[in-house]
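All values derive from a computational prediction rather than experimental measurement.
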Amino acid sequence: PHELQLVLDNIGLTTYGTNLAIGSNASVGPADGDMMVQLVPGHEGSTWDYVRTLRRELPKAFPGVTFFFQPADMVNQVLNAGLPAPIDVQVLGRSGLNYEVARTLAREIARVPGAVDVRVQQVMDAPELRFNVDRVKAQQLGLSERDIASNLLISLSSSGQTSPNFWVNPANGVQYNVTVMTPQYKMSSVDALASTPITVAGQPTPQLFGNLATVSRGTAPAVVNHYNVAPVYDVYASADRHDLGAVARDVDAIIARAKPGLPRGTTVVMRGQVQSMRSSFTGLGLGILFAILLVYILLVVNFQSWLDPLIIIMALPGALAGIVWILYVTHTTFTVPSLMGAIMSMGVATANSVLLITFADDQRTAGRSALEAAVDAGFARLRPVCMTALAMIIGMLPMALGLGEGGEQNAPLGRAVIGGLLVATFFTLVVVPVVYSILRRDAAPSPVPVTT
């Protein structure tokens, strides 16, 4: 309790469409609630441990209630593109069996290791009251069904949406929305609703709503969603203690098994953060390959040789190996920041190798053998290579440790840079000179590139 700073509840749905349009609330009906819990700065317990505890204990305390956790930080909210979960399995089509297909998929996905908060967003059995207006009796009293519905709408939710009224305060010039409606505590039963007066202009005596309509109970969908015009059912899921990619692969396997038995015209597609993650990974992976190729071509032009640039990029496998190693040791998954860190570390590793090979070529031009030139370059360039790598590593340490508010978001970038440079520096000082001494053993000295 001493770590709680703020608890904000939004119960049910607002009656104003503007709030629904600009908000990211996952509530779909009056039976839903959205709670935001804010902890004090410097709280001792881990937020994720609290979430796991609540995820385990709340269903026990409230059987029959569905609990799920939305992304609370802005980064994940942006990556989710407004969705309440990173994994969105959409069942699209007009078949009446699609809701059962979605529920079946939800049960299968709930058994995936690491998949949590699995649920079907749409609620198809929300209770409702259905009022059937006796049009003959209403017509005899000079009322239309539109008159009756308008009177009931104003009583339940005011005329703020259909006929907004404003009052301007003459003291400060601020305008206020003025609405009149029946207080909710006076509409707590069907009898109270039946006592709503129905009147129109020209009718001196109002009629009671209960005298004009009969009531029955039923069920109806609480929310109806469409994607590109087609009806859709959303199965949302999040990941915990497992990386999102691993959970998504298992979900892909479930979707593949379910596709042969889908109703005609029904398709199942996985969207959400997974879709953007995969496109980002593909783009960054191609970017890394293109960067290596571009650097090699530029070095070929600069060194006027195909062999020296090949020796220089021998440090890149070390950088990649160091990145994989440190991410494994720190239990960090491949993310967009870690791939950005991979590009940074490979750039520094290439620069250090260029420094070493340039010096070795100078030595060979002066008459030294390839082995002697490689040894001299390793010793002469030891200090600048280590200074460059250490400056980058020390600078990335605070980021790698995830210090500060939200520091864990960029921690993979710092860890990738540190791991890549640690191993790439060893490759630059040991592997690159060895490869140089072997491949340049019988070759003539290459022209030294002129820099300005």
Quick check for you: to the nearest 0.5 Å, what is the distance between Asp240 atom CG and Arg55 atom CZ? 5.0 Å

May I ask you to say whether Asp49 pairs ionically with Arg52, meaning some side-chain N is under 4.0 Å from a carboxylate O? yes

Any side-chain heavy atom of Asn177 within less than 4.5 Å of one from Trp167? no

Using atom types as modelled, flag every donor-acceptor pair under 3.5 Å from a side chain in residues 412-420 to any protein atom, sequence neighbours excluded.
residue : atom : partner : partner atom : Å
Arg415  : NE   : Ala400  : O            : 2.9
Arg415  : NH1  : Thr332  : OG1          : 2.8
Arg415  : NH2  : Ala400  : O            : 3.3

If we only count heavy atoms from C-beta on, is the Pro231 to Asn98 side-chain gap below 4.5 Å? no

Side chain Asp9, main chain Ile11, donor-acceptor under 3.5 Å: no

Check for a donor-acceptor pair, side chain of Asp117 on one end and backbone N or O of Phe69 on the other, with a separation under 3.5 Å. yes

Report the C-alpha distance between Leu193 and Phe131 in whole Å, list the side-chain angles of each, state the deciding distance to 0.1 Å, and finish with yes or no for side chain to side chain contact (heavy atoms under 4.5 Å, CB included). CA-CA 11 Å; Leu193 184 63; Phe131 293 93; 3.2 Å; yes

How about Met181: does its CE atom have over 12 heavy atoms from other parts shown lying under 6.0 Å from it? yes

Could you verify whether a donor N or O on one side chain and an acceptor N or O on the other, from Ser150 and Asp147, lie under 3.5 Å apart? no

Point-to-point distance, once rounded to the nearest 0.5 Å, from OG1 of Thr350 to CG of Leu316: 4.0 Å

Let me see the working for Gln70 and Asp34 under side chain to side chain contact (heavy atoms under 4.5 Å, CB included), right down to the final yes or no. CA-CA 9 Å; Gln70 300 186 76; Asp34 182 18; 3.5 Å; yes

Would you call Thr47 and His43 a side-chain contact if the rule is heavy atoms closer than 4.5 Å? yes

Does the side chain of Thr333 reach to within under 4.5 Å of the side chain of Leu327, using non-hydrogen atoms? no

Side chains of Pro41 and Gln5: does their closest heavy-atom pair fall under 4.5 Å? yes

Nearest 0.5 Å please: distance from the CD1 atom of Ile154 over to the OG1 atom of Thr182. 10.0 Å

For Ser345 and Ile323, work out which heavy atoms get closest and say how close. OG-CD1, 3.5 Å

Would you compute the distance between atom CG of Leu421 and atom CE of Met344 and round it to the nearest 0.5 angstrom? 8.5 Å

Residues Asn352, Leu356; criterion side chain to side chain contact (heavy atoms under 4.5 Å, CB included); working and verdict: CA-CA 6 Å; Asn352 289 337; Leu356 189 141; over 6 Å; no

Heavy-atom pair of closest approach, residues Glu44 and Glu3: N-OE2, 2.9 Å

Decide yes or no for Gln139 and Val136: does some side-chain heavy atom of the first lie under 4.5 Å from some side-chain heavy atom of the second? no

From Thr196 OG1 over to Leu208 CG, what is the distance, rounded to the nearest 0.5 angstrom? 8.5 Å

From CA spacing to verdict: side chain to side chain contact (heavy atoms under 4.5 Å, CB included), Asp234, Gln90: CA-CA 5 Å; Asp234 297 280; Gln90 292 185 335; 3.2 Å; yes

Does Arg103 CZ have over 12 foreign heavy atoms under 6.0 Å away? no

Hey, does the side chain of Ser157 reach the backbone of Leu153 with a donor-acceptor pair shorter than 3.5 angstrom? yes

Is the side chain of Ser338 donor-acceptor paired with the backbone N or O of Phe334 at a distance under 3.5 Å, no angle test? no

Determine the minimum heavy-atom distance between Ser353 and Val432, stating which atoms define it. OG-CG2, 4.0 Å

Is it the case that more than 12 heavy atoms not belonging to Arg130 sit under 6.0 Å from its CZ atom? yes

Report yes if some heavy atom in the side chain of Ser95 is under 4.5 Å from a heavy atom in the side chain of Leu262; otherwise report no. no

Heavy-atom side-chain contact between Leu244 and Val274 under 4.5 Å: yes

Using every non-hydrogen atom in the two residues, find where Ala85 and Tyr236 come nearest and quote the distance to one decimal. CB-CB, 3.8 Å

Where is the tightest heavy-atom contact between Asp252 and Arg278, given as atom of each residue plus distance? OD2-NH2, 2.5 Å

Supply the atom-to-atom distance Leu293 CG to Phe290 CZ, rounded to the nearest 0.5 angstrom. 7.0 Å

Under 6.0 Å from the CZ atom of Phe426, do we count more than 12 heavy atoms belonging to anything else shown? no

Does OH belonging to Tyr50 count more than 12 external heavy atoms closer than 6.0 Å? yes

Which heavy atom of Ala319 sits nearest a heavy atom of Met346, and at what distance? CB-CG, 4.0 Å

